[in-house]
Amino acid sequence: MYPDQPNLGVDKPVLSTIVFIISQDGKSVLLGKKKRGFATGIINGFGGKKHPDETMAACAIRELEEESGITMAESDLTYCGMIRAVFQRPTTNWTMEIALFRGIFQGQDPIESEEMAPSWYRIDSLPFQDMWDDDPSWLPGVLHGGFVMGDFLYVDKVNRVIESVIEHHNPSACSRCIAQESGHCPLIPREFPTSLRSWIGNGGFFSQS
Ligand SMILES: Nc1[nH]c(=O)nc2c1ncn2[C@H]1C[C@H](O)[C@@H](COP(=O)(O)OP(=O)(O)OP(=O)(O)O)O1
């Protein structure tokens with residue numbers, strides 16, 4: 001689960017992106033199974049680490065094309081939130097901050113890359129058993145047009161969230177939250193856990209804004 005460089009993300013968060021391409025009927029999403037490197041075997045949208053000289057949106061466009069062959073303009077993507085994953089390690093933790101984007105499929109079929117094997121999945125039956133542990137708590141909302149900000153603390157070397165806090169800015173878009181009139185995701189604690197704050201360290205995208 002860890003990237004090759006053990007010190008990456010320790011002093012300041014690794015900034016990265018994910019793009020979710022949604023079918024024109026709104027019922028399916030294009031995802032890819034990671035074939036190599038960090039998080040091999042995990043199914044996710046297309047994305048990766050931001051280069052120093054680019055914006056998050058430019059990174060999203062570049063990574064989408066590198067991993068799926070699909071070309072899109074920045075204006076075709078909608079920014080739909082940010083999640084932060086803190087990975088707990090015995091002596092140091094490291095952090096990844098991930099900007100989320102949504103786009104509508106424009107007819108260009110994806111091509112398998114050396115990094116990702118793309119497939120369409122129905123939004124009402126996403127393959128959560130093979131996805132990141134945080135995804136069930138926010139991805140349905142984002143795929144239905146919502147906006148999310150979330151923090152997740154991961155246990156050492158395991159794809160398992162041990163603490164989290166999440167805010168759906170458009171709670172009506174998330175079916176899990178519709179079930180709870182409060183508008184809060186039932187999967188996460190209502191109060192921001194102070195213990196999670198202490199794991200976050202030196203801040204990054206969130207603290208810059
Ligand atoms: N907790 C998490 N939940 C989630 O949904 N996606 C996560 C996640 N933690 C990381 N990711 C995603 C964000 C990003 O799209 C991807 C990590 O990017 P990679 O390490 O694959 O970057 P690159 O494609 O730049 O890799 P290299 O070219 O191998 O350096 O994993």
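For ligands, and for the atoms within them, numbers begin at 1 and follow the listed sequence.
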J.: Number the atoms of ligand 1 from 1 as they appear, then name those within less than 4.0 Å of a heavy atom of Asp135, with their elements.
T.: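 So the answer, numbered in order with elements, is 3 (N), 4 (C), 5 (O).
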J.: Any sub-3.5 Å donor-acceptor pair from Lys35's side-chain atoms to Ser113's backbone N or O?
T.: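 A pair under 3.5 Å: yes.
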J.: Is Ile111 reachable from Leu30 through a run of I, L, V, M, F, W or Y residues, each pair having side-chain heavy atoms under 4.5 Å apart?
T.: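 Result: no, two separate clusters.
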J.: Give the atoms of ligand 1, by number and element, whose distance to some non-hydrogen atom of Lys49 is under 4.0 Å.
T.: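 Every atom of ligand 1 under 4.0 Å from some heavy atom of Lys49: 19 (P), 20 (O), 22 (O), 23 (P), 25 (O), 26 (O), 27 (P), 30 (O).
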J.: Taking only heavy atoms of Glu63, which atoms of ligand 1 are found under 4.0 Å from at least one of them?
T.: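 The atoms of ligand 1 under 4.0 Å from a heavy atom of Glu63 are 24 (O), 25 (O).
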J.: At under 4.0 Å between heavy atoms, is it the side chain or the backbone of Met96 that contacts ligand 1, or both, or neither?
T.: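 The part of Met96 near ligand 1 is the side chain, not the backbone.
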J.: For the pair Val29 and Ile21, evaluate side chain to side chain contact (heavy atoms under 4.5 Å, CB included) and give the outcome as yes or no after the intermediate values.
T.: CA-CA 6 Å; Val29 59; Ile21 301 292; 5.9 Å; no
J.: Report, in ascending order of atom number, the atoms of ligand 1 lying under 4.0 Å from any heavy atom of Tyr154.
T.: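 Near Tyr154, meaning under 4.0 Å from one of its heavy atoms, ligand 1 has 1 (N).
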J.: Determine whether any heavy atom of Thr17 lies closer than 4.0 Å to an atom of ligand 1.
T.: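 Thr17 counts as a contact of ligand 1 under the 4.0 Å cut-off.
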J.: In chain order, what residues pass the side chain to side chain donor-acceptor pair (under 3.5 Å) check against Thr71, with sequence neighbours excluded?
T.: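 Here the qualifying residues are Gln108.
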J.: Just by modelled atom types, is the Gly150 backbone N or O under 3.5 Å from a matching donor or acceptor in the Arg84 side chain?
T.: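 Flag not set: sc Arg84 to bb Gly150 has no pair under 3.5 Å.
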J.: Just checking, any donor-acceptor pair under 3.5 angstrom between side chains of Asn93 and Tyr154?
T.: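 The answer is no; no qualifying pair exists.
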J.: Sequence neighbours left out, what passes side chain to side chain donor-acceptor pair (under 3.5 Å) with Asp76? Give chain and number order.
T.: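 Counting only residues at least two positions away or on another chain, Asp76 forms a side chain to side chain donor-acceptor pair (under 3.5 Å) with Gln106.
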J.: Of the choices Leu15, Asn44, Ile42, which has the non-hydrogen atom that lies closest to atom 12 (C) of ligand 1?
T.: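 Among Leu15, Asn44, Ile42, the closest heavy atom to atom 12 (C) of ligand 1 comes from Asn44.
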J.: What part of Asp133 sits under 4.0 Å from ligand 1 if we count only heavy atoms: the side chain, the backbone, both or neither?
T.: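 Asp133 to ligand 1: no contact under 4.0 Å from either part.
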J.: Closer than 3.5 angstrom, by distance alone: can the side chain of Ser68 be matched with the main-chain N or O of Glu65 as a donor-acceptor pair?
T.: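 Not a single qualifying donor-acceptor pair exists.
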J.: So between Ala85, Ser16, Gly48, whose heavy atom ends up nearest atom 23 (P) of ligand 1?
T.: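 The residue whose heavy atom sits nearest atom 23 (P) of ligand 1 is Gly48.
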J.: Going by the atom numbers of ligand 1, which of them fall below 4.0 Å from some non-hydrogen atom of Lys34?
T.: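 Atoms satisfying the 4.0 Å criterion: 21 (O).
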J.: Which class fits the ring pair Phe87 and Trp132: parallel under 30°, tilted 30 to 60°, perpendicular over 60°?
T.: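 Judged by the thresholds at 30° and 60°, the geometry between Phe87 and Trp132 is perpendicular.
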J.: Check for me whether Trp138 has a heavy atom closer than 4.0 Å to any atom of ligand 1.
T.: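 Yes; Trp138 lies near enough to ligand 1 that a heavy-atom distance drops under 4.0 Å.
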J.: With atoms numbered from 1 as shown, which atoms in ligand 1 lie under 4.0 angstrom from a non-hydrogen atom of Gly47?
T.: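 That gives atoms 15 (O), 24 (O) of ligand 1.
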J.: Mind checking whether Phe46 has a heavy atom under 4.0 Å from ligand 1?
T.: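 For ligand 1, residue contact (heavy atoms, under 4.0 Å) with Phe46 is absent.
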J.: If you measure every N/O of Arg36 against every N/O of ligand 1, is any gap under 3.5 Å?
T.: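 Arg36 vs ligand 1: N/O contact under 3.5 Å present.
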J.: Glu67 heavy atoms, cut-off 4.0 Å: which ligand 1 atoms fall inside?
T.: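 Ligand 1 atoms under the 4.0 Å threshold to Glu67: 24 (O).
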J.: Do Asp134 side-chain atoms and Phe152 backbone N/O form a donor-acceptor pair below 3.5 Å?
T.: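 No, the answer is negative, given that no donor and acceptor are paired below the 3.5 Å cut-off.
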J.: Compute the minimum heavy-atom distance from Glu115 to ligand 1 and say whether it is under 4.0 Å.
T.: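 A heavy atom of Glu115 does come that close to ligand 1.
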